[in-house]
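Take a look at the structure set out below.
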Amino acid sequence: MMEMTAEERSLIKHLDKCDFTEIHRHFVDKAAAWRALPREEKQKLKEEAEKLEHEFGYCTLDGHREKIGNFKTELPGLFCGRGDHPKMGMLKRRIRPEDVVINCSRDSQIPEPPAGHQWKEVRSDNTVTWLAAWTENVQNSIKYIMLNPSSKIKGEKDWQKYEVARRLKRVVEEIRSQYRTDWKSPEMKKRQRGVALYFIDKLALRTGNEKEEGRTADTVGCCSLRMEHVRLHMYANGHKHVVELDFLGKDSIRYYNWVPVEKAVFQNLQIFMENKDPGEDLFDKLTTSSLNKHLQDLMDGLTAKVFRTYNASIVLQEQLRVLTRAEDSIAAKILAYNRANRAVAILCNHQRATPKTFEKSMRNLQTKIQAKKTQIAEAQGELRKAEGDYRIKGDGKSKSILEKKQRLLQKLEEQLVHLSTKATDKEENQQVALGTSKLSYLDPRISIAWCKRFGVPVEKIYSKTQRAKFAWALAMVGEDFEF
DNA sequence: TCCGATGACTCAGAAAACTATTT
DNA sequence: AAAATAGTTTTCTGAGTCATCGG
């Protein structure tokens, strides 16, 4: 890899005046070369990769062979942050063995560094779960080699997370009445805490730690909201006391919402916002650590992010209850599941870019629907003819033809319903990302129990890797599980 | 008590890789 | 029957959360 010389650095002022076609062509050609490779060659390369994974992709922990999540260090390249990142385009250096710290037990077979190289350090720290680590040069942060989500250590942690959220379920009403009381506190700090907690609970906002200015993209969460992100409307869209929230959250995903709130919340916000400039903090007397300290006092293990887990899982359970009908087909039940999943994703503001082929595939689906409607019209015509035939002849043969036509029409109508539901599902899902909530917020036991109760094969809901990740839940849960 | 820095872990969507379907 | 296309799954690595530590 080549770096710019000092001379080039002073010469180049605008990247958009640079010609990148050469490197672009390089990658296009590389992709084309791979496509053009004969089948056997591809197979050979794949087998080599598999061999590598077999050798380096696993470790032994407490006597068990476990899969590693990321067994390769990150490749050198240009740093590509999300959103308007001040460090975008910086050179990410290649990781050498001399950068890497190895963590394994003393009596284990310590991995050999490549010939002619040495590890930065070999240590034996059994209080952490990582196997190796290095410091990445762009953000100066530590990167880790850790176990796969299917491992025992990750699975247990995942289970614990949902158990904490279930404990919150038992005390959440009490906590809610507590933060409502705080809205009236003479201490402004408590009022801010109460309102922030209301947002975190009701809108599933992230905590919002403060970040050092200028080092990362300018994004916020609840506690770091600024004046410029909030607008108050006494009346809007037929509601009283509406709060307009508009800010960039994690990964610079926009959060945009008009929320009717309780009068006390609205009035408190008016007080918090008095005499402040757009760049000032809304909750100026609140920090994430004081908020979490308070939550810890209310319940052992409670932190702000637990509300997201709790509310996500509760919404899934409730939506599945509302949307599932036992007499529906498997396909209809899966659509109900997706809808419930979507309700959670919307709550958590999990968005995706509209897929590149969205419009086209939507059109294709509409074409299929039209074709089905035409078929139905034809079948109706034939049915009427058969009816007339039967009325005139009244014999067994014409009766059986009539019945056949009736069955055909019914089948076609069912297919149409299925297609239309699918289209609606696709349409509603255009900009919603379901994956994150499914993987990180929804207690898998809710989904598995639902599958068992309604006879939906688990494979229809969870892919192979997802089933491996949720093995702990598959092993323990029956159809009567309640979150 | 209160910071600011750091470390270790979870969670995030895009892109790549793979698989199924259509042409 | 093979190639193109569409749909699904997995990988990748950046971006958060939160506890702890030292002053």
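Lettering of chains follows the sequences in order, A, B, ..., and the numbering in each one begins at 1.
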Quiz item: Using a heavy-atom distance cut-off of less than 4.0 Å, which residues of residues 459-477 of chain A contact DNA chain C?
Solution: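 Correct list: A:Ser463, A:Lys464, A:Thr465.
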Report yes if the side chains of [X] and [Y] come closer than 4.5 Å at any heavy-atom pair, otherwise no.
{"X": "A:Asp182", "Y": "A:Glu187", "value": "no"}
{"X": "A:Lys460", "Y": "A:Tyr337", "value": "no"}
{"X": "A:Tyr256", "Y": "A:Glu244", "value": "yes"}
{"X": "A:Leu291", "Y": "A:Thr288", "value": "no"}

[X] [atom1] - [N] [atom2] separation (whole Å):
{"X": "A:Leu434", "N": "B:dC11", "atom1": "CG", "atom2": "P", "answer": "17 Å"}
{"X": "A:Lys438", "N": "B:dG13", "atom1": "NZ", "atom2": "P", "answer": "15 Å"}
{"X": "A:Asn148", "N": "B:dC9", "atom1": "CG", "atom2": "P", "answer": "16 Å"}
{"X": "A:Asn364", "N": "B:dT21", "atom1": "CG", "atom2": "P", "answer": "16 Å"}
{"X": "A:Lys360", "N": "C:dA4", "atom1": "NZ", "atom2": "P", "answer": "13 Å"}
{"X": "A:Lys92", "N": "C:dT13", "atom1": "NZ", "atom2": "C1'", "answer": "6 Å"}
{"X": "A:Asn70", "N": "C:dG14", "atom1": "CG", "atom2": "P", "answer": "12 Å"}
{"X": "A:Lys46", "N": "B:dA16", "atom1": "NZ", "atom2": "C1'", "answer": "13 Å"}

Determine the contact category for [X]: base if any of its heavy atoms lies under 4.0 Å from a base atom, sugar-phosphate if only primed atoms, P, OP1 or OP2 are that close, otherwise nothing.
{"X": "A:Leu439", "answer": "nothing"}
{"X": "A:Lys87", "answer": "nothing"}
{"X": "A:Arg215", "answer": "nothing"}

- Is the A:Tyr255-A:His229 ring centre distance short of 6.0 angstrom?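 Between A:Tyr255 and A:His229, the centre distance exceeds or equals 6.0 Å.
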**Item:** OP1 or OP2 of B:dG13 under 4.0 Å from side-chain N/O of A:Thr436
**Value:**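 For A:Thr436, the contact criterion (side-chain N or O under 4.0 Å from OP1 or OP2 of B:dG13) is met.
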Note to self: C:dG14, OP1 or OP2 - any side-chain N/O from A:Lys143 closer than 4.0 Å?
What the structure shows: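 Looking at the OP1 and OP2 atoms of C:dG14, one of them is under 4.0 Å from a side-chain N or O of A:Lys143.
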Closer than 4.0 angstrom, basic N to acidic O: yes or no for [X] and [Y]?
{"X": "A:Arg226", "Y": "A:Asp218", "value": "yes"}
{"X": "A:Asp201", "Y": "A:Arg176", "value": "yes"}
{"X": "A:Arg93", "Y": "A:Asp99", "value": "yes"}

What is the ring orientation for A:Tyr198 with A:Tyr179, classed by angle as parallel under 30°, tilted 30 to 60°, or perpendicular over 60°?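 Because their plane-to-plane angle is over 60°, the rings of A:Tyr198 and A:Tyr179 count as perpendicular.
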| said: Both A:Thr287 and A:Ile153 contact DNA chain B. Which one's nearest nucleotide lies toward the 5' end? | reply: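 The 5'-side residue here is A:Thr287.
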Please compare A:Lys154 and A:Ile253 by the position of their nearest nucleotide in DNA chain B and report the one closer to 5'.
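Of the two residues, A:Lys154 wins.
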Going 5' to 3' through nucleotides 15-23 of chain C and flagging B where a protein heavy-atom sits under 4.0 Å of the base, S where only the sugar-phosphate is that close, and - otherwise, we get BSBBS----
Is the Lys NZ or Arg CZ of A:Arg65 less than 6.0 Å from the centre of A:Tyr58's six-membered ring, within 45° of the axis?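 Here A:Arg65 passes the 6.0 Å and 45° test against A:Tyr58.
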For nucleotides 6-8 of chain B, list the nitrogen or oxygen atoms of the protein found under 3.5 Å from its nitrogen or oxygen atoms, one pair per line.
unit_1	atom_1	unit_2	atom_2	d
B:dA8	OP1	A:Trp130	NE1	3.4
B:dA8	OP2	A:Tyr144	OH	2.8
B:dA8	O5'	A:Tyr144	OH	3.4

TODO: Identify which nucleotide among C:dT13, B:dT22, B:dC9 has an atom closest to any side-chain atom of A:Leu75, counting heavy atoms from C-beta outward.
DONE: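 Closest nucleotide to the A:Leu75 side chain: C:dT13.
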Can you confirm whether the side chains of A:Trp134 and A:Thr73 place a donor and an acceptor under 3.5 Å from each other?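 Absent: no donor and acceptor within the cut-off.
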Are there more than 12 heavy atoms of other residues, nucleotides or ligands under 6.0 Å from atom NZ of A:Lys211?
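Counting neighbours around NZ of A:Lys211, more than 12 heavy atoms of other residues, nucleotides or ligands fall under 6.0 Å, so yes.
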